[in-house]
Asks: 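Handing you a structure now.
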Amino acid sequence: MPRFAANLAYLFTEYPFMERFRADRAAGFSAVELQLPYGEAPSAVKAELNAHGLTMLGINSPPGNAAAGEFGLAAVPGRERDFDALFRKALDYVVAIGGRQIHVLAGHVLPEQRPAAQSTMIRNLERAAPLAAEKAITLLLEPINPRDRPNYFLNRVEHVADIIAKVGAPNVRIQFDFYHAQIVGGDLMRRFESHLSLVGHVQFASVPSRHEPDEGEVNYPAIFAMLDRLGFAGFTAAEYRPRGKTEDGLAWLRGE
């Protein structure tokens, strides 16, 4: 079986944030990823990770003005200075908690802005990647389906791979979420294997419900077996909305 991690913005949310680390370890996970932990002191997060022997994976870059609907700025033309400031905040935070990755949020872009957004994102990543490399941090780009996130700049794995090729930095990689990839394109096994050399992190949830991976249209036992067969060495993160209490839906983790 792959090495599984839990996204604590989705799993164990029945507990206060600082109690989720204990619950994660007790349930059988060995690693966590967070999304936007910036309201918590890095020292407090680091203490919980150490107390429970957990590997810290990644966080999201700050979204910008979330109240105004922003979801990242990496591809938003004219917001380069704001992106730089938000990226520095993410880099400082992830280093302080001993993390490994930053999911760089691209942002919402209208169709007529897409050509300019492509150039903007490449230039922003060209500046950010060396700063991250100095701290041994990987930058992750995730294609997100437009049903859940209309006008998000990155929707397809193939588009992300093209951007990575243009940036040309070895620490910029794909965050391959099987949930989003199934909604946008399907053909999961072939597409994953063809992009394996660029994949830095994996996530999953059932489709279409985004619940536990024991329902819906994706055969996750086969997906997990494929990850083993291909020798994927990274963590595979559960990023789903539990149907009820998190612990009650973890039969898949126990191989049941």
Side-chain angles (χ1 to χ4, degrees), residues 3-13 15-21 23-25 29-66 70-75 82-107 121 124-125 127-129 131-144 149 152 154 160 169 171-177 179-180 199-205 234-241:
R3 294 189 298 166
F4 289 114
N7 186 311
L8 297 190
Y10 282 76
L11 274 65
F12 304 107
T13 57
Y15 299 99
F17 179 76
M18 284 298 180
E19 295 180 17
R20 296 176 196 174
F21 299 90
D24 176 271
R25 170 55 86 180
F29 292 100
S30 60
V32 299
E33 61 181 12
L34 309 176
Q35 286 193 333
L36 300 170
Y38 300 101
E40 307 292 342
S43 58
V45 173
K46 179 70 170 174
E48 286 299 308
L49 291 164
N50 290 342
H52 302 291
L54 292 167
T55 297
M56 179 63 225
L57 300 177
I59 62 175
N60 288 2
S61 59
N65 186 351
E70 291 182 341
F71 193 67
L73 299 176
D82 294 331
F83 168 78
D84 287 345
L86 294 178
F87 177 76
R88 173 55 70 179
K89 180 177 181 180
L91 185 59
D92 289 346
Y93 195 100
V94 78
V95 169
I97 63 175
R100 306 176 176 186
Q101 303 160 335
I102 297 172
H103 170 202
V104 179
L105 297 177
M121 186 162 203
N124 282 339
L125 290 169
R127 293 195 309 280
L131 299 176
E134 290 176 1
K135 305 293 186 180
I137 299 299
T138 298
L139 304 185
L140 299 173
L141 306 181
E142 180 183 23
I144 297 177
R149 184 68 62 177
Y152 191 72
L154 302 176
V160 171
N171 66 321
V172 181
R173 301 180 67 78
I174 297 171
Q175 181 162 289
F176 196 107
D177 189 326
Y179 166 78
H180 293 299
V199 174
H201 187 55
V202 168
Q203 295 176 325
F204 64 90
F235 280 89
T236 300
E239 191 189 49
Y240 61 77
R241 300 183 182 95

Asks: Kindly indicate whether the side chain of Phe17, heavy atoms from C-beta on, has any atom under 4.5 Å from the side chain of Glu40.
Replies: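 Yes. Closest side-chain heavy atoms under 4.5 Å.
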Asks: If we check side chain to side chain contact (heavy atoms under 4.5 Å, CB included) with Val32, which of these qualifies: Val45, Leu11, Leu57, Leu49?
Replies: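 Answer after filtering Val45, Leu11, Leu57, Leu49: Leu49.
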Asks: If only atom types and distance count, is the side chain of Arg173 paired as donor or acceptor with the main-chain N or O of Val199 below 3.5 Å?
Replies: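 At least one qualifying donor-acceptor pair exists.
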Asks: Nearest 0.5 Å, what's the CG-OG distance between Leu139 and Ser61?
Replies: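 Atom-to-atom, Leu139:CG and Ser61:OG are 9.5 Å apart.
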Asks: To the nearest 0.5 Å, what is the distance between OG on Ser30 and CZ on Phe235?
Replies: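 These two atoms lie 4.5 Å from each other.
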Asks: Answer yes or no: is there a donor N or O on one side and an acceptor on the other, between the side chain of Thr138 and the main chain of Gln101, under 3.5 Å?
Replies: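 The answer is no, because no donor-acceptor pair under 3.5 Å joins these two groups.
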Asks: Might you point out which heavy atoms bring Pro63 and Leu36 nearest each other, and give the distance in Å?
Replies: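 Closest heavy-atom pair between Pro63 and Leu36: CD-CD2, 3.8 Å.
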Asks: Tell me every residue that passes side-chain hydrogen bond (donor to acceptor under 3.5 Å, both in side chains) with Glu19, counting only those two or more places apart in sequence or in another chain.
Replies: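 Not a single residue meets the side-chain hydrogen bond (donor to acceptor under 3.5 Å, both in side chains) criterion with Glu19.
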Asks: Spell out, as yes or no, whether a donor-acceptor pair under 3.5 Å connects the side chain of Asn171 to the backbone of Ala129.
Replies: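 Side chain of Asn171 to backbone of Ala129, a donor-acceptor pair under 3.5 Å: yes, one is there.
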Asks: Between the side chain of Asp177 and the main-chain N/O of Ile144, is any donor-acceptor distance below 3.5 Å?
Replies: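 Not at all, since once roles are kept as given, no pair shorter than 3.5 Å links the two residues.
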Asks: What class does the angle between the rings of Tyr38 and Tyr93 fall in, given that below 30° is parallel, 30 to 60° is tilted and above 60° is perpendicular?
Replies: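 Ring orientation, 0 to 90° scale: perpendicular.
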Asks: Is Asp84 salt-bridged to Arg88, going by a charged N under 4.0 Å from an acidic O?
Replies: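 Answer for the salt bridge query: no.
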Asks: What's the spacing between Leu125 CG and Phe83 CZ if we round to 0.5 Å?
Replies: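 Leu125 CG to Phe83 CZ: 6.0 Å, rounded to 0.5 Å.
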Asks: Which atom pair, heavy atoms only, marks the closest approach of Ala44 to Met18?
Replies: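 Where Ala44 meets Met18 most closely, the heavy atoms are CB-CE, 3.5 Å.
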Asks: Could you give me the CA-CA distance, side-chain angles and deciding distance for Leu141 and Met121, then say whether side-chain contact (heavy atoms from CB on, under 4.5 Å) is met?
Replies: CA-CA 11 Å; Leu141 306 181; Met121 186 162 203; 3.7 Å; yes
Asks: Distance check, rounded to the nearest 0.5 Å: Leu154 atom CG versus Gln175 atom CD?
Replies: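 Leu154 atom CG to Gln175 atom CD measures 11.5 Å (nearest 0.5 Å).
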Asks: May I ask you to decide if the ring planes of Phe12 and Tyr15 are parallel, tilted or perpendicular, using 30° and 60° as cut-offs?
Replies: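 Rings of Phe12 and Tyr15: tilted, 30 to 60°.
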Asks: Does Glu33 have any side-chain hydrogen bond (donor to acceptor under 3.5 Å, both in side chains) partners at least two apart in sequence or in another chain, and if so, which?
Replies: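 In terms of side-chain hydrogen bond (donor to acceptor under 3.5 Å, both in side chains), with neighbours along the sequence ignored, Glu33 is linked to Asn7, His201, Gln203.
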Asks: Measure across Asn60 and Ile102 and return the closest heavy-atom pair with its distance rounded to 0.1 Å.
Replies: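 So the two residues come closest at C-CG2, 4.5 Å.
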Asks: Counting C-beta onward and ignoring hydrogens, is there a side-chain heavy-atom pair between Val160 and Glu142 closer than 4.5 Å?
Replies: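 The answer is no, as the side chains (C-beta and beyond) never meet within the 4.5 Å cut-off.
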Asks: What's the shortest heavy-atom distance between Leu86 and Pro62, and which atoms?
Replies: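 Taking every non-hydrogen atom into account, O-CD, 3.4 Å.
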Asks: Which pair of heavy atoms, one from Gly53 and one from Arg25, lies closest together, and at what distance?
Replies: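 Heavy-atom minimum between the residues: O-NH2, 2.6 Å.
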Asks: Rounded to the nearest 0.5 Å, how far apart are CG of Leu105 and CZ of Phe87?
Replies: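 The distance works out to 12.0 Å.
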Asks: Checking Tyr10 side chain against Ala238 main chain: does a donor-acceptor pair fall under 3.5 Å?
Replies: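 Between the backbone of Ala238 and the side chain of Tyr10 there is no qualifying donor-acceptor contact (under 3.5 Å).
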Asks: At their closest point, which heavy atom of Leu54 faces which heavy atom of Asp24, and how far apart are they?
Replies: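 For Leu54 and Asp24, the tightest heavy-atom pair comes out as CD2-OD1, 3.2 Å.
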Asks: Answer whether the closest heavy-atom distance between the side chains of Val94 and Met56 falls below 4.5 Å.
Replies: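 A side-chain contact under 4.5 Å is absent here.
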